[in-house]
Amino acid sequence: MNQTELTQSLYFRHACKLFDKSQKIPAEDLHFVLDAGRLSPSSFGMEPWRFIVVQDQALKEKIRPACWNQPQVTTCSDLLIITAKVDDPARRAYYKKMFSRREMPAEMLENYLTVYQQFIDGLHSVYGWSARQCYIAAANIMSYAAMIGVDSCPIEGFEKEKLEEILELNTTKEQVALVVALGYRINEAPEKKRLSFDEVVSFR
Ligand SMILES: Cc1cc2nc3c(=O)[nH]c(=O)nc-3n(C[C@H](O)[C@H](O)[C@H](O)COP(=O)(O)O)c2cc1C
């Protein structure tokens, strides 16, 4: 894709309110899109996310009331629930595993673990920190989806506890950060409304 086509894909992407229920995303396209999430950057490289893809229609129906009854939830092809990992005592083993793959000397690893632990202890909310990383992954997922003509809608309008209960999540380990509906639009996208470049960008 050249720059013009990439920009066109950013215009193509919109918060799709209603999907064509009859159209399913081919498995390889879905894999491509989800991989954009998996390959996203994360603070300290901790990848504090999990991508749960809801394809079962009955489960989507169950989820919809917990998402402010939004029709995207039941009309989309795939309903992606991005969960944020949260702190629990077993997580230290996880940090170690994630740092260890950088193949550093033992002393440096210990140092990393100490610095990281201090960072985590100083956070106001581990969930909030993890969720911020999830939003980066979600942005990549939606942008890559648009590049191959797949529509999406980010959904923050949900009742977190209700949704976690339906999904039977162990909330000491992970909690819902964001929902992204993926599929194909049934209506034309509305005109894109954005502030101008000069209103949001300044150079110093
Ligand atoms: C974090 C986040 C949460 C959102 N939650 C919802 C939602 O629950 N339902 C919805 O219809 N749109 C939701 N939106 C879509 C925004 O309203 C939309 O992106 C914005 O109005 C700009 O329009 P566009 O994306 O079509 O260009 C959300 C967007 C973001 C980034």
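Note that ligands are numbered from 1 as they come in the structure, with each ligand's atoms numbered from 1 the same way. Values below: every heavy atom of this structure, side chains too, minus hydrogens, waters and symmetry copies. Counting begins at 1 with the first residue of the sequence.
Under 3.5 Å, the side chains of T114 and Q117 contain no donor-acceptor pair of N or O atoms. If you check the side chains of K160 and Q175, you find a donor sitting under 3.5 Å from an acceptor.
Between the R13 side chain and the L10 main chain, no donor and acceptor come within less than 3.5 Å of each other. Here the side chain of D20 pairs no donor or acceptor atom with the backbone of Y184 at under 3.5 angstrom. For K60 (side chain) and C76 (main-chain N/O), a donor-acceptor pair under 3.5 Å exists by modelled atom type.
Of the heavy atoms in W68, none comes closer than 4.0 Å to ligand 1. In Q72, the part holding a heavy atom less than 4.0 Å from any atom of ligand 1 is the side chain.
One option in A15, P154, G157 has a heavy atom closer to atom 14 (N) of ligand 1 than any other, and that option is P154.
Remark: aromatic rings of F119 and F44 are close, center separation under 6.0 Å.
Here is the list of ligand 1 atoms found below 4.0 Å of a heavy atom in K17: 10 (C), 11 (O), 12 (N). Near R13, with a cut-off below 4.0 Å to any heavy atom, the atoms of ligand 1 are 24 (P), 25 (O), 27 (O). Of all atoms in ligand 1, numbered sequentially from 1 with element shown, those under 4.0 Å from a heavy atom of K192 are 24 (P), 27 (O). Close contacts between ligand 1 and Y135 involve ligand atoms 1 (C) [criterion: under 4.0 Å to a heavy atom]. Every atom of ligand 1 is numbered from 1 in the order shown, and the set under 4.0 Å from a heavy atom of Q70 is 7 (C), 8 (O), 9 (N), 10 (C), 11 (O).
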Stepwise side chain to side chain donor-acceptor pair (under 3.5 Å) test for E107 and N111: CA-CA 6 Å; E107 198 182 314; N111 204 23; over 6 Å; no

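Side-chain contact between Y116 and K96: absent, with no pair of heavy atoms (C-beta onward) separated by less than 4.5 Å.
Checking atom 8 (O) of ligand 1 against the protein gives a heavy-atom contact under 4.0 Å. Under the 4.0 Å distance rule, the nearest protein heavy atom to atom 1 (C) of ligand 1 falls inside the cut-off.
With hydrogens left out, the protein atom closest to atom 22 (C) of ligand 1 is R194 NH1, 3.7 Å, a heavy atom.
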